[in-house]
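Pasting a structure here, questions to come.
Note that the coordinates shown come from a computational prediction; the quantities given were computed from them, not determined experimentally.
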Amino acid sequence: MAQKTESSNLNNIIFNENDPKIKDEILRIILQYLTDERYFFTKAVLQDEANLKAADLRDSLADIKKIKKAILEGDWPEIDRIILKPSSSVSPSQQSTQQLLKNYKSFLYSVYRQQYLEYIDHHETQKAFTHLNKRLKPLEHLATSPHEFKDLCYLLTAKSVHDAPSFKSWEGVLPAREKLVEQFQLMLNFETQEREGVSPVPDNRLLQLLRQAVAYQIETSRYHLKISTPKVSTLLQDYTSAVIPNAVKDTFTGHTGNVKCVEFVGEEGRQIISGSSDNSCRLWDLESTACIAVLEGHTSRVWSVSSDKAGKTVASTAGDGTVKIWDVRDCIDDYNSAASGGTKANSRSPVSLSCASSLSVTTSDLYTIKYHPSGTHLVVAGYDKMIRLIDIERNMVVKTFSGHQLSVSKAVFSPIGNLIISGSKDSTIKFWDIVSGLCIKTISSHLGEVTSVEMNSNGVELLSSSKDNSNRLWDIRLLRPIRKFKGHQNTSKNFIQASFASIGDSLVIGGSEDGILYTWDAANGNLLQRLRAHEGIVYSAAWNAKQSMFCSCSDDKTVRSWWYDEKVPTELESKPWWFFCKYCTANNLDASNFQEYNNRSQKGSSVEETLQIPSNNIKYPSINVPDYNNSIHRTIHQTYKSIFEIPVHWRIAQSTCRDLHHHFTYIFWSDDDISAFINNTFPWFAKTFHSYPYPIQRVDAARYFILYYYGGIYLDLDIACLKPLDNIVKLSEQPSNSLKISGIVPKTEPVGISNDVLAFSKGHPFLEWVINRLESHKSGMVFPYLSVFFSTGPAFLTRMLWEYNRAVLNENDRVRVLGKEFYSDSESEEMFFKHITGNSWHEFDFKIYDWISGYINYGKSLILNGWGVENCKEI
């Protein structure tokens, strides 16, 4: 611990981020990365704001920006005007621009060559001939190869720029202009560095530094598992080992009453805080188990403690109805200083710490307290059924929330801090809007008192504990239970609580009245291990990602820390190897290493078959999807801005689909969910996705990616289900020697197909075909509705289907069309779906197509003959 503290204190000496030279180098490294990734405009803005350029470059900044803009816009006369202005009218700024480019004639030659190639590309031969003689001929000696000028001449009689050997790899007009801008900037940077003596930035310096940082985090992490190869999938969080603590590391003794609560202090978690029925809180050092301070002042049992993210303050509530805030940073620093000076941790007596502020809230017990993510407010609740929001700086209650019929046992904030979620003895869970103070939703599914609630880190799932002997996981988007976690005991008067743990909240840990600490797999509800934790009731357990450890508290008056010990067997080792792989794959570990470690296999199944390891058959390396030779999953996907904003007339349609498919998995995607999904899973498409001018384009594109990645059935919210969709799914579940239909789209009127109902297996090649061509169809049209239809909507999908079915050879890979008698014929008894009227984009496709067919004589026949969807096989 002393070494860690000393290292932390030396950070500012070793690396001073305020050093002007260091600041300059950081900016130059960022600029290099932006250049490598071709973010030229962003780089230019950063250069301007950071004022990085040399004095002479700064003087000519306006002209340099004009040159870049002129290149990208093809304004060649403007470039001549800036660089070749007559000497009589040359200002100091223009002189500086030419002085910066010692080889400006080479640059001019590149500009003239680009202009000439564009003339050839546009078949403007006369202009090209004049330009060749007037501009390029005088600079012939600056050609990049001996045969280049000869090839330029040859292009006057060629059909295409690529006919000349020197220009076979010419990228085209816009990419070539961008490359010319990059060349111009490199010339400026090189000559500026040459004059100033600035050291060049090594190639890929930012990535190299990131790799070094990750390697250091792995090396200094608590665990170094021999059975796995560490993999880092995010830079937004520090690396932590994917382990399940299975053994007691230390026991903390000192309380004289049962310990009701325990929390790690701050995100670093190097200290823990506990509250007890002895009316005190104790601050402990995690490594040495020494009691740093005793926090006294409450006159009744302490029910709950909480810490801010920085670890500077902790807060507590007790049976005396007061809220106390303690400033613990100074005593932690004093303890660390003494420890680094050689004082033995356990020989030092704990200090007695007085609270920094105290607020009397009620005359009855306060059971729960939690810091707001911003650290500016606290939420408290207790026996009087009231939930209170406290402003820490003003030390006063600023808002109250009432609605529970019995005492409130737990209240927490959502990760972004806009909601309060509370659990009560009245068996309900309520969601409160902080701004309005209103209860926006109530969950009443528990059969017993709710003893705890907690949200996962991304705010999508809620974990609750109840005296009905269950912990439950809820999907906040659907406000319904996903699964139960059972095996523990929670039926008497105790507040038994559960919480998320491990990387990505992949585990659930909870206490129990039988003195055992339980660990479940959050993904499937399986009980992973039962740890004989204490000699009495285990009230709760807390997890810290930085330390990769649990802490638990009990009525045996102790707190215990838990870590992973390779020598201690766990219940995981009795599982088949593929179960272990599943857990570790979710945490970015190499599953095949665990197979070798466990030395078990399933006969006739490889690791890849069992785990469905991605085939990477799409051309972009960042996407991983399983092989598409699967059936259509029994999963329904629907989207809207938010589940709380769905119009009433569409909720009716939504309910018909959900009521008929209780045996299906239902997933609702809000706009924020879709955006996060694209950013995290398909980062190569994120720029295009966020650049769409209309929200419906993003929704259209997202449905293709969602079905490609997960498979299942997508339904617009204005689609009502008239019968179960099992028969559609069964088309993809034929025997191996029969034709399988794993891709289905609906036929629409007057022509083509629609995208409001889609059914596909996971990783289907048609969806791969579609998402690879979204970017090339992005350019808009005059009318907004036409832009949507032809870039992401039904018209785009219709064209993709025609192209795909012409190219594919395997019948099992073809996409089938759902006939109108199943989809849109109101007189057919075979219909699966019905459209609900409303302000839906689906209605506009009929209007636009009708407009085309009504006002353009050959419009309908052009679409039919050109795209040929009428020739696709129907179901």
Backbone of Gly403 reached by a side-chain donor or acceptor of Gln405 within 3.5 Å: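 Yes, the answer is positive, given that a donor and an acceptor are paired below the 3.5 Å cut-off.
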
- prompt: Does Asp391 use its side chain to pair, donor to acceptor, with the backbone of Met396 at less than 3.5 Å?
  reply: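 Here the side-chain-to-backbone pair does not exist.
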
- request: Using modelled atom types only, decide if a donor and an acceptor are shared between the side chain of Gln529 and the backbone of Pro245 within a distance under 3.5 Å.
  value: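 Yes, the answer is positive, given that a donor and an acceptor are paired below the 3.5 Å cut-off.
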
query: Crowded around Lys312 NZ? As in, over 12 foreign heavy atoms under 6.0 Å?
result: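 Atom NZ in Lys312 is not packed in, count stays at 12 or less.
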
task: Using the salt bridge (Lys or Arg N to Asp or Glu O under 4.0 Å) rule, collect all pairs that involve residues 540-563, keeping only residues at least two apart or in two chains.
output: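 Non-adjacent pairs meeting salt bridge (Lys or Arg N to Asp or Glu O under 4.0 Å): Asp238-Lys546, Glu268-Lys546.
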
message: Could you check whether Asp365 pairs with Arg301 (Lys NZ or Arg NE/NH1/NH2 to Asp/Glu carboxylate O, under 4.0 Å)?
response: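 Not counted as a salt bridge, because no side-chain N and carboxylate O are separated by less than 4.0 Å.
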
task: Begin from the C-alpha positions of Tyr383 and Thr362 and carry the test side-chain hydrogen bond (donor to acceptor under 3.5 Å, both in side chains) through to its verdict.
output: CA-CA 9 Å; Tyr383 183 78; Thr362 179; over 6 Å; no

- prompt: Which heavy-atom pair separates Ser402 from Met386 by the least distance, and what is that distance?
  reply: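 Ser402 and Met386 have their closest heavy atoms at CB-SD, 3.6 Å.
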
query: Taking the six-membered ring for Trp, are Phe664 and His661 parallel (under 30°), tilted (30 to 60°) or perpendicular (over 60°)?
result: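 Rings of Phe664 and His661: perpendicular, as their planes differ by over 60°.
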
query: Nearest heavy-atom pair of Ser552 and Trp562: which atoms, and what distance?
result: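 Residues Ser552 and Trp562, closest heavy atoms: OG-NE1, 2.9 Å.
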
query: Pick one: which of Ser358, Ser354, Ser357 meets side chain to side chain donor-acceptor pair (under 3.5 Å) with Lys324?
result: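 Only one of Ser358, Ser354, Ser357 forms a side chain to side chain donor-acceptor pair (under 3.5 Å) with Lys324, namely Ser358.
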
task: Can you measure from CG (Asn471) to OH (Tyr518) and round to the nearest 0.5 angstrom?
output: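 Here the interatomic distance stands at 11.0 Å.
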
Asp673 side chain vs Phe677 backbone, donor-acceptor pair below 3.5 Å: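 No.
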
message: The test is side chain to side chain contact (heavy atoms under 4.5 Å, CB included); show your working for Ser465 and Glu454 and say whether it passes.
response: CA-CA 9 Å; Ser465 300; Glu454 181 179 345; over 6 Å; no

message: Would you say that Phe500 contacts Ser457 through its side chain, given a criterion of any heavy-atom pair below 4.5 Å between the two side chains?
response: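 No, too far: nothing below the 4.5 Å cut-off.
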
- request: Could you tell me whether the side chain of Ser306 and the main chain of Ala315 form a donor-acceptor pair under 3.5 Å?
  value: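 A pair under 3.5 Å: no.
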
task: Determine, stepwise, if the pair Asp672 / Ser670 fulfils side-chain hydrogen bond (donor to acceptor under 3.5 Å, both in side chains).
output: CA-CA 5 Å; Asp672 290 340; Ser670 68; 5.1 Å; no

Minimum side-chain heavy-atom gap His690-Asn679 below 4.5 Å: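 Touching, per the 4.5 Å side-chain cut-off.
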
salt_bridge(Arg472, Asp468) N-O dist < 4.0 Å: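 Salt bridge: yes.
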
message: Taking the ring centre of each residue, are Phe495 and Tyr367 less than 6.0 Å apart?
response: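 Judged by ring-centre distance (under 6.0 Å), Phe495 and Tyr367 do meet the cut-off.
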
- prompt: Backbone N or O of Val380 within a donor-acceptor pair of the Thr368 side chain at under 3.5 Å?
  reply: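 No, because the side chain of Thr368 does not come within donor-acceptor range (under 3.5 Å) of the backbone of Val380.
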
task: Could you tell me the separation between the CE atom of Met455 and the CD1 atom of Ile421, rounded to the nearest 0.5 Å?
output: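 If we round to the nearest 0.5 Å, Met455:CE and Ile421:CD1 are 4.5 Å apart.
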
message: To the closest 0.5 Å, what do you measure between CH2 (Trp520) and CD1 (Ile509)?
response: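 One gets 9.5 Å once the value is rounded to the nearest 0.5 Å.
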
query: Closest heavy-atom contact between Val305 and Ser316?
result: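 Scanning both residues, the minimum pair turns out to be CG1-CB, 4.0 Å.
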
- request: Answer yes or no: does atom CD of Glu645 have more than 12 heavy-atom neighbours from other residues, nucleotides or ligands under 6.0 Å?
  value: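 Yes, enclosed.
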
- prompt: Mind checking whether Ser422 and Phe401 have side chains closer than 4.5 Å, heavy atoms only?
  reply: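 The answer is no; the side chains never approach within 4.5 Å.
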
message: Between Asn526 and Leu528 (side chain of the first, backbone of the second, donor and acceptor by atom type, cut-off under 3.5 Å), is there such a pair?
response: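 No; judged by distance alone, with no hydrogens or angles, the pair does not exist.
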
- prompt: With Trp284, which of Cys551, Ser561, Ser274 fulfils side chain to side chain contact (heavy atoms under 4.5 Å, CB included)?
  reply: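 It is Ser274, the one option of Cys551, Ser561, Ser274 that forms the side chain to side chain contact (heavy atoms under 4.5 Å, CB included) with Trp284.
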
- prompt: Phe413 vs His372 aromatic rings, parallel, tilted or perpendicular, using cut-offs 30° and 60°?
  reply: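 Ring orientation of Phe413 relative to His372: perpendicular.
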
- request: Go through the steps for Ser540 and Cys553 under the test side chain to side chain contact (heavy atoms under 4.5 Å, CB included), then give the verdict.
  value: CA-CA 6 Å; Ser540 66; Cys553 59; 3.5 Å; yes

- prompt: Are any of the side-chain heavy atoms of Arg480 and Arg658 separated by less than 4.5 Å?
  reply: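 They are in side-chain contact.
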
- request: Might you confirm whether atom CZ of Phe431 has over 12 heavy atoms from other residues, nucleotides or ligands at distances under 6.0 Å?
  value: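 Yes, the 6.0 Å shell around CZ holds more than 12 heavy atoms from other groups.
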
task: Could you label the plane-to-plane angle of the His637 and Tyr710 rings as parallel, tilted or perpendicular, counting under 30° as parallel and over 60° as perpendicular?
output: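 Rings of His637 and Tyr710: tilted, as their planes differ by 30° to 60°.
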
- prompt: How many angstroms lie between atom SG of Cys281 and atom CG of Leu295, to the nearest 0.5 angstrom?
  reply: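 Rounded to the nearest 0.5 Å, the SG-CG separation comes to 5.5 Å.
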
- prompt: Looking only at atom types and distance, does a side-chain atom of Ser424 sit under 3.5 Å from a main-chain N or O of Leu406, one as donor and one as acceptor?
  reply: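 Yes, the answer is positive, given that a donor and an acceptor are paired below the 3.5 Å cut-off.
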
- prompt: Which heavy atom of Asp327 sits nearest a heavy atom of Leu353, and at what distance?
  reply: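 What the structure gives for the nearest pair is O-CD2, 3.6 Å.
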
query: Do any N or O atoms from the side chain of Arg483 and from the backbone of Ala522 form a donor-acceptor pair under 3.5 angstrom?
result: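 Yes, because the side chain of Arg483 sits within donor-acceptor range (under 3.5 Å) of the backbone of Ala522.
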
field: Nearest non-hydrogen partners of Lys410 and Val453, listed with the distance
entry: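 In terms of heavy atoms, the two residues are closest at CG-N, 3.6 Å.
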
- request: Please report the shortest heavy-atom distance between Phe252 and Leu286, naming the atom on each side.
  value: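 The pair with the smallest heavy-atom distance is CZ-O, 3.8 Å.
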
message: Is the shortest side-chain heavy-atom distance between Ser277 and His255 below 4.5 Å?
response: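 Result no, sub-4.5 Å side-chain heavy-atom pair not found.
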
query: With side chains defined as the heavy atoms from C-beta onward, is the minimum distance between Thr428 and His404 less than 4.5 Å?
result: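 When only atoms from C-beta onward are counted, His404 and Thr428 do touch, with a gap below 4.5 Å.
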
- request: Test Asp384 against Arg388 for salt bridge (Lys or Arg N to Asp or Glu O under 4.0 Å), laying out the working first.
  value: CA-CA 11 Å; Asp384 65 0; Arg388 296 172 173 86; 2.8 Å; yes

message: Are Val397 and Leu359 packed together at the side-chain level, in the sense that at least one heavy-atom pair is separated by less than 4.5 angstrom?
response: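 Yes, side chains in contact.
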
task: Take His298 and Thr322 through the side chain to side chain contact (heavy atoms under 4.5 Å, CB included) test and state the conclusion after the steps.
output: CA-CA 8 Å; His298 284 295; Thr322 63; 3.2 Å; yes

task: Go through Asp716 and Arg703 one step at a time and tell me if the side chain to side chain contact (heavy atoms under 4.5 Å, CB included) criterion holds.
output: CA-CA 10 Å; Asp716 269 355; Arg703 68 189 67 181; 3.4 Å; yes

message: If you apply the rule side-chain hydrogen bond (donor to acceptor under 3.5 Å, both in side chains), what do you find for Thr442 with Lys430, and how did you get there?
response: CA-CA 5 Å; Thr442 299; Lys430 291 183 180 290; 3.0 Å; yes

message: Rounded to the nearest 0.5 Å, what separates atom CD in Glu263 from atom OG in Ser304?
response: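 Here the interatomic distance stands at 7.0 Å.
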
query: From Asn418 CG over to Ile416 CD1, what is the distance, rounded to the nearest 0.5 angstrom?
result: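 These two atoms lie 3.5 Å from each other.
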
query: Okay, side chain of Lys834, backbone of Leu722: is any donor-acceptor separation there less than 3.5 Å?
result: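 It does not hold such a pair.
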
message: Do Phe682 and Phe689 make a side-chain contact, defined as non-hydrogen atoms from C-beta onward lying under 4.5 Å apart?
response: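 Counting from C-beta outward, Phe682 and Phe689 never come under 4.5 Å.
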
